[in-house]
Amino acid sequence: MTTSLVLGAGMVGVSTALALQENGHQVVLLDRQAPGRETSYGNAGIIQTEAVEPYAFPRSVSEIARVALKRGNDVDWRLRDLPRVAGPLWRYFTQSAAAPYARTIAAYSQLALRASEDHARFIEPAGAGELIVRQGWRAVYRTPASFEAATAAAQRLKRVYGVPSEVLGADELAASEPALQRRLAGAVHWTSPWTCRDPGELVARYAALFVARGGTLTRGDAMTLQQNGTGWRVLSEDGAVSAENAIVALGPWSPTLAKTFGYRIPMVFKRGYHRHFSGQDGPRVSMLDVDNSTLVAPMNAGWRVLTGAHMASPGATPASRQIRHATDTARELFALSEPVEATPWSGTRPCMPDMLPVVGPTRHKGLWFHFGHGHQGFTLGPTTAFLLAELMTIALVNPLTLPLLPSARGWT
């Protein structure tokens, strides 16, 4: 039996453990915290099967100027953070040009379209059905111009990829969301995505399924990973753990561990913020105010208000501009009450410059990478986990057929 050690118990890591387990691996899943307590906890909880085209870096001078001058709430940055993020951001800019972006979409869209199907393989066996709502989500627009552009974009996605949606005018939107306090121009209702009322709990249920199927869950420091003869060894609270394979699924912390083995990974770090609010009147389904980059999602813990992206490396001091603006926007739309948490939550999205997740082998025998899902780790975790499990099965038969990630992705 093949033995594998999965480092990181977020959605990506837990899904990896389950997928390998289904392929006959004896798996140990290690994290410093309980499953789903880091980045996977703080997202919007949407399995975004409509997100077939990932977020590209702005290419027009006007858009870049808008971001540089902080004229919107979608992106924030601080001068002191730029030296650490400038290199990966430049790569992100170049990979967002028409030709490379088209190549990215060709691969990425196929992953997004199957995401719900892959989650379904875990949801019911994990006893997590009551966490999932199959009613889609809405993107709302304040001006006729932005609504008209969004309608055209939705029609294009339906035509090209078959992504279903419904366009709601101002009256239809008001009727469908009776708690909405402001009249808006309209909305695009993406009907195929599923939403989750507690993303961290869903990861925890997946992890419990992994344990129930015979897997081992332990706490420890992934940074203690070392080669051990022909395999790998890491220290846990229960002692040393050894395995033939080690899979790095540490999200934004992956580059730190990879660097100890000689890999320099140009990751783009996008921090997000959220806060829960109490109250009776919120959206029936998750709602994104696109013009203000504010998402309000119904969660078990309350109404979760989420922000856009703050370009800052892990460990940087949190900023408050975006969450303050998002809170004001959410309260303009709905009668939200007091915040549930004393302070907002923040976490980092691990984005790669080419917008594709890193999935596959390295030049070290038995060392595999699985990270860099950007905004869509919660969505794509099971999908890329199944792909990785397939790659590892192929490697047992003919490892020479697998490309090494550094040379394939243009980093060392």
Side-chain angles (χ1 to χ4, degrees), residues 10-12 15 36 39-55 105 108-124 126 128-141 150-151 153-168 172-173 176-177 186-203 205-206 272 274 282-290 293-300 303-309 349 355 357 373-386:
M11 177 59 80
V12 173
S15 298
T39 306
S40 293
Y41 167 80
N43 57 74
I46 306 176
I47 300 172
Q48 287 192 254
T49 49
E50 93 295 343
V52 290
E53 297 180 351
Y55 296 103
I105 290 173
Y108 193 96
S109 60
Q110 298 307 305
L111 300 177
L113 289 170
R114 58 175 277 190
S116 292
E117 177 184 344
D118 291 327
H119 271 276
R121 292 172 62 173
F122 298 151
I123 289 172
E124 295 306 326
E130 85 279 3
L131 297 176
I132 304 300
V133 180
R134 295 169 173 82
Q135 295 180 355
W137 68 278
R138 294 190 181 104
V140 301
Y141 300 88
T151 299
Q155 291 171 345
R156 182 180 62 83
L157 294 187
K158 183 180 293 186
R159 182 177 66 255
V160 176
Y161 305 101
V163 175
S165 62
E166 295 177 359
V167 175
L168 306 178
E172 294 171 301
L173 176 59
S176 63
E177 289 289 359
V188 173
H189 186 166
W190 300 104
T191 57
S192 63
W194 299 347
T195 59
C196 176
R197 296 190 61 89
D198 190 335
E201 177 61 19
L202 184 65
V203 177
R205 300 275 183 99
Y206 286 2
H274 85 237
R284 289 178 170 176
V285 299
S286 295
M287 178 181 292
L288 173 64
D289 182 341
V290 176
S293 300
T294 298
L295 193 144
V296 185
M299 296 279 177
N300 289 342
W303 306 104
R304 180 176 288 188
V305 175
L306 302 102
T307 70
R349 307 179 186 104
M355 294 153 280
H373 294 66
H375 297 258
Q376 302 298 347
F378 186 77
T379 294
L380 297 179
T383 297
T384 55
F386 288 127

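Residue numbers run from 1 in the order of the sequence given.
Side chain of Ser40 to backbone of Met11: a donor-acceptor contact under 3.5 angstrom is found. Without hydrogens or angle criteria, Thr49 side chain to Ala112 main chain gives no donor-acceptor distance under 3.5 Å. Side-chain atoms of Arg134 never come within 3.5 Å of backbone atoms of Thr191 as a donor-acceptor pair (strictly under, hydrogens ignored). No donor-acceptor pair under 3.5 Å is formed between the side chain of His274 and the backbone N or O of Val305. Looking only at distances, a side-chain donor or acceptor of Ser176 sits under 3.5 Å from a matching main-chain atom of Leu173. A donor-acceptor contact shorter than 3.5 Å links the side chain of Glu177 to the backbone of Arg284.
No donor-acceptor contact under 3.5 angstrom links the side chains of Ser286 and Thr195, judged on distance only. For the residue pair Thr383 / Asp118, a side-chain donor-acceptor distance below 3.5 Å is found, with atom types taken as modelled. Judged by distance alone, the side chains of His189 and Ser165 never bring a donor and an acceptor atom under 3.5 Å apart.
Residues Trp194 and Val133 are not in side-chain contact: their nearest non-hydrogen atoms beyond the backbone lie 4.5 Å or more apart. Counting heavy atoms from C-beta on, the side chains of Pro357 and Thr384 come closer than 4.5 Å. Between Arg197 and Pro298 the shortest side-chain heavy-atom distance falls below 4.5 Å. Using a 4.5 Å heavy-atom threshold, the side chains of Tyr55 and Met355 count as separate. For the pair Pro283/Trp303, a side-chain contact is recorded, criterion being any heavy-atom separation below 4.5 Å from C-beta on. The shortest side-chain heavy-atom distance between Tyr161 and Glu50 does not fall under the 4.5 Å cut-off. A heavy-atom distance below 4.5 Å is found between the side chains of Phe378 and Leu202. Side-chain contact between Val163 and Trp190: present, with at least one pair of heavy atoms (C-beta onward) separated by less than 4.5 Å.
Here the CG-CG distance, from Leu306 to Leu288, works out to 9.5 Å after rounding to the nearest 0.5 Å. Atom CG of Asn43 sits about 9.0 Å away from atom CZ of Arg349, to the nearest 0.5 Å. Rounded to the nearest 0.5 Å, atoms CG (Leu111) and CG (Leu380) are 6.0 Å apart.
A cation-pi contact links Arg304 to Tyr41, judged by a cut-off of 6.0 Å to the six-membered ring centre and 45° from its axis.
Partners of Arg205 according to the side chain to side chain donor-acceptor pair (under 3.5 Å) rule, which considers only residues two or more places apart in sequence or in another chain, are Glu130, Glu201. Remark: Tyr206 pairs with His119 by the side chain to side chain donor-acceptor pair (under 3.5 Å) rule, at least two apart or across chains.
A salt bridge links Arg156 with Glu53: the distance from a Lys NZ or Arg NE/NH1/NH2 to an Asp or Glu carboxylate oxygen falls below 4.0 Å.
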* To do: Evaluate the side-chain contact (heavy atoms from CB on, under 4.5 Å) criterion for residues Arg138 and Val285: first the C-alpha distance (whole Å), next the side-chain angles of each, then the deciding distance (0.1 Å), finally the verdict.
  => CA-CA 7 Å; Arg138 294 190 181 104; Val285 299; 3.3 Å; yes
* To do: Walk me through it: do Asn300 and Leu131 pass the test side-chain contact (heavy atoms from CB on, under 4.5 Å)?
  => CA-CA 9 Å; Asn300 289 342; Leu131 297 176; 3.8 Å; yes
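Residue Ala297 comes nearest to Ala44 through the heavy atom pair CB-O, 4.1 Å, listed as atom of the first residue, atom of the second, then distance. Of all non-hydrogen atoms in Cys196 and Met299, the two that sit nearest each other are O-SD, 3.5 Å.
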